[in-house]
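A note on names: the letters A, B, ... follow the listed sequences, proteins ahead of strands, and every chain is numbered from 1. Only heavy atoms go into these numbers, but all of them, side chains included; no hydrogens, no water, no symmetry mates.
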Amino acid sequence: MKITIPGAEAIECEGGGSLKEALLAADKQLLKSHVGATLDGERIDFHQNLAADAVVELIRWDAEEAGWIYRHSMSHVMAQAVRRLFPDAKLAIGPAIQNGFYYDFDVEAPFTTEDLSAIEKEMKRVVKQNLRFERQEISRDEARALFSDDPYKLEILEELEEGENLSLYRDGDFADLCRGPHMLSTGQVKHYKLLSVAGAYWRGDENLKMLQRIYGTAFPTREGLDGHLAMLEEARKRDHRRIGQELELFFFDEEVGPGLPLWQPKGTVLIEELEKLAKETERNAGYQQVRTPHICKDTMYLKSGHLPYYAEHMYPPMEMEGVKYYLKPMNCPHHHKIFGSVSRSYRDLPLRLSEYGTCYRYEQSGELFGLMRVRSMQMNDAHIYCTIDQFEEEFLAVCNMYSGYFKLFGIEKYVMRFSTHDQEGLGVKYVNEPDLWLKTEEMVRNALVSGGINFVEEAGEAAFYGPKIDVEVWSAIGREFSLATNQVDFVQPGRVGLKYVSAEGKEETPLCIHRAPLGTHERTIGFLIEHYAGAFPVWLAPVQAVVLPIAERHLEYAQKLRDRLKEVGVRVELADDNTLNYRIRQAQTQKVPYMLVLGDREVESSTVSIRLRTGENLDPMSADEVASMMVDTISSKMKC
RNA sequence: GCCCACGUAGCUCAGUCGGUAGAGCGCGUCCUUGGUAAGGACGAGGUCACCAGUUCAAGCCUGGUCAUCGGCUCCA
């Protein structure tokens with residue numbers, strides 16, 4: 001039998017042996033410098049038996065792939081430690097995940113923080129013992145006997161296909177039903193840290209038992225782990241909730257209610273600036289602004305389909321004089337009414353109606369998270385009514401709109417997620433129109449392909465009225481945000497009776513595109529806070545400049561400068577309390593882009609000294625020069 | 001909604017064994033008139049999230065409620 005390794009000599013060996021044996025015979029060094037291999041695109045470990053000639057690519061320690069094998073073994077080490085300390089713990093599953101691993105246990109009493117450190121210590125012992133991992137192929141009956149005390153393993157066993165190879169990994173006193181891959185021994189996995197305990201439903205199903213999940217992080221190298229831990233620390237600092245507090249942008253209040261943000265003056269500036277940006281962009285793209293009320297009668301939502309399919313996300317109705325009113329979860333029904341308010345012809349299409357209306361959704365209490373998931377939100381919303389022929393162009397124009405925004409914000413990494421329906425949800429999660437679903441999904445797919453847009457397709461995440469595109473972006477600290485959304489609606493226009501007269505004089509139902517390229521203002525600002533770490537580009541910065549007179553005798557000159565900047569529209573403050581050092585520190589921690597310092601020298605030469613928040617100093621300028629420089633920077637939306 | 005943890009001054013947090021509450025920042029007043037990341041002094045500020053219970057006595061122990069955190073799940 002022949003094993004081919006790209007970049008190395010082929011190995012001749014007897015059939016049926018493990019990769020480890022083959023490598024050992026050829027070159028021991030290969031085992032030391034690698035953690036596993038890929039075979040036909042799948043990760044395998046050295047324990048794997050090779051039946052026939054194979055081409056394997058070895059995975060080096062520093063390869064991205066290495067982490068997955070490493071972390072998988074790490075999760076076994078943790079489970080082993082848990083089993084030693086809590087012999088009654090029932091094992092569920094324990095996979096490797098991005099940057100870490102977890103294992104789910106069924107235990108009588110939930111783990112405490114002290115338990116975590118005890119487990120971490122025990123893991124150290126397991127590592128030190130350097131127990132060899134051994135792989136063993138077993139039959140179904142053997143597996144049943146071995147795991148007779150582990151109900152979750154038995155359940156997994158029953159669901160594995162007949163004829164599938166079952167394998168067992170053993171290291172010392174621990175054995176787990178597992179398909180691998182694994183490292184050679186527990187001594188190889190040293191760099192880890194347990195992070196948290198969390199409840200997790202068995203199979204993610206809230207009807208099933210809640211298990212205890214322990215999360216950990218692990219990296220093949222010390223540097224990798226340290227880097228990741230430093231990243232987590234940085235993430236803590238950039239957290240939008242923390243910065244929102246520090247910069248006085250927004251807050252939540254118990255008496256007002258969970259998920260209902262209150263925007264302070266400085267945070268409101270951010271919202272206003274975003275709105276200004278959106279209005280300008282949309283005016284240029286042929287949108288018209290509309291305004292509609294925050295509440296709506298139940299009859300409308302019955303017709304639109306919100307009540308049948310979306311009720312669990314809506315606040316319960318208020319009843320007045322026998323009529324039920326709901327807080328609006330979306331703007332669409334109101335916009336549909338505006339579409340239908342006059343007779344429309346094909347000449348009116350596409351008709352684009354936009355509104356930054358505040359919507360209310362009842363998100364489950366456990367879902368709330370800072371500005372990311374709130375219950376009152378301002379959507380960057382618009383509805384485009386068009387013909388089927390116009391669909392592709394309109395759809396792609398929306399995609400271009402958000403890539404324009406992404407460019408402005410310097411978002412480079414993003415993924416388009418194309419969410420389609422899944423068969424089982426028809427009539428429950430989604431309206432029951434199988435043919436229309438397929439047809440519309442095809443239309444979206446074609447538009448994406450013809451626009452040359454990269455996307456990933458995912459079944460089961462569509463809106464109730466149609467397929468959608470979400471754009472996922474990552475903030476500087478790696479948090480994932482679903483910002484833009486672009487959805488096709490083949491249902492509501494028909495349900496609420498929207499019509500236009502075609503060129504042939506026939507009544508037709510328009511198609512509707514729901515789109516929110518900036519998602520909700522709440523989430524977008526949450527993202528921008530983390531993206532910029534609170535140091536917003538000048539055009540967004542709540543305070544763009546602070547004037548700092550050195551002594552009281554410079555106050556008059558300072559006031560003049562402030563007034564000059566105010567005149568040209570700069571958000572400027574004057575700070576004349578306390579010492580200069582103190583005021584500079586204040587401006588610095590508030591991340592104000594420009595600090596304008598003036599004392600005797602500046603008064604005499606009619607100039608201003610400029611300190612940037614980066615610590616850098618610009619050459620002194622006259623008041624007019626400062627004003628025009630700032631106006632230019634702001635209008636061009638440059639960073640600083 | 002469910003599981004864990006947590007809730008003390010406007011903010012960040014100490015508070016030992018159950019004996020009735022502290023710091024720093026911020027805020028106010030005064031002194032200081034300063035040259036690029038905290039000048040100094042004094043002062044005000046608390047129903048220890050809320051409701052019950054145990055106890056001679058509860059910030060601390062027990063139960064419940066609410067909020068927040070990390071997850072499960074869902075979503076923009």
Review point. Heavy-atom count around K193(A) NZ within 6.0 Å, excluding the residue itself: above 12?
Key: no
Practice item. Quote, to the nearest angstrom, the C1' distance that separates U16(B) from C56(B). Key: 22 Å
Point to revise | Whole-Å distance separating the CG atom of L195(A) from the C1' atom of G71(B) | key: 12 Å
Practice item. Quick one: stems involving RNA chain B, counted as three or more successive Watson-Crick or G-U pairs, both distances short of 3.5 Å. Key: B:1-3 with B:70-72, B:10-13 with B:22-25, B:27-31 with B:39-43, B:49-53 with B:61-65
Practice item. Pick base, sugar-phosphate or nothing for N578(A), based on heavy-atom distances below 4.0 Å to the nucleic acid. Key: base
Check your understanding: Q212(A) side chain to G199(A) main-chain N or O, any donor-acceptor pair under 3.5 Å?
Key -> no
Check your understanding: Would you say a side-chain N or O of S365(A) is under 4.0 Å from OP1 or OP2 of G1(B)?
Key -> yes
Check your understanding: For the residue pair Y326(A) and H306(A), is the inter-centroid distance of their aromatic rings smaller than 6.0 Å?
Key -> no
**Study point:** P-based separation of C13(B) from G70(B) [nearest Å]
**Key:** 14 Å
Review point. Is any side-chain heavy atom of F536(A) closer than 4.5 Å to a side-chain heavy atom of K591(A)?
Key: no
Review point. Hey, do the aromatic rings of F86(A) and F111(A) have their centres closer than 6.0 Å?
Key: yes
Practice item. Using the P atom as the reference point in each nucleotide, state the distance between A9(B) and A23(B) in Å, no decimals. Key: 14 Å
Check your understanding: Hey, is the side chain of T579(A) poking within less than 4.0 Å of OP1 or OP2 on G39(B), counting only N and O atoms?
Key -> yes
Check your understanding: Within this structure, what is the OH-to-P distance between Y215(A) and G70(B), rounded to whole angstrom?
Key -> 12 Å
**Study point:** Donor/acceptor link under 3.5 angstrom from R213(A) side chain onto base of C3(B)
**Key:** no
Practice item. For the pair D150(A) and K90(A), find out whether any cationic side-chain nitrogen is under 4.0 Å from an anionic carboxylate oxygen. Key: no
**Study point:** Interatomic distance at C1', G1(B) relative to C66(B), whole Å
**Key:** 15 Å
Check your understanding: Across the strands shown, which category fits A198(A) at heavy-atom distances under 4.0 angstrom: base, sugar-phosphate, nothing?
Key -> base
Revision key, fill the gap. Given protein heavy atoms under 4.0 Å, the one-letter contact record of nucleotides 23-29 of chain B, with B base, S sugar-phosphate only and - none, is simply ---S---
Check your understanding: Would one find a side-chain N or O of R203(A) under 4.0 angstrom from OP1 or OP2 of U73(B)?
Key -> no
Review point. Between R601(A) and E604(A), is the closest basic N to carboxylate O distance under 4.0 Å?
Key: no
Review point. Heavy atoms under 4.0 Å, any strand shown: does L483(A) hit a base, just sugar-phosphate, or nothing?
Key: sugar-phosphate
Check your understanding: For the atom pair OH (Y356(A)) and CZ (R291(A)), what is the distance rounded to the nearest 0.5 Å?
Key -> 10.5 Å
Review point. Between H531(A) (side chain) and F409(A) (backbone), is there a donor-acceptor pair under 3.5 Å?
Key: yes
**Study point:** Lys/Arg N to Asp/Glu carboxylate O, D576(A) vs R583(A), below 4.0 Å
**Key:** no
Check your understanding: Has the side chain of Q588(A) got a donor or acceptor atom sitting under 3.5 Å from an opposite partner on the base of U36(B)?
Key -> no
Revision key, fill the gap. 5'-most contact on RNA chain B (nearest-nucleotide basis), G615(A) vs F111(A), goes to F111(A)
Review point. Can you tell me how far P of A5(B) sits from CG of L116(A), to the nearest Å?
Key: 11 Å
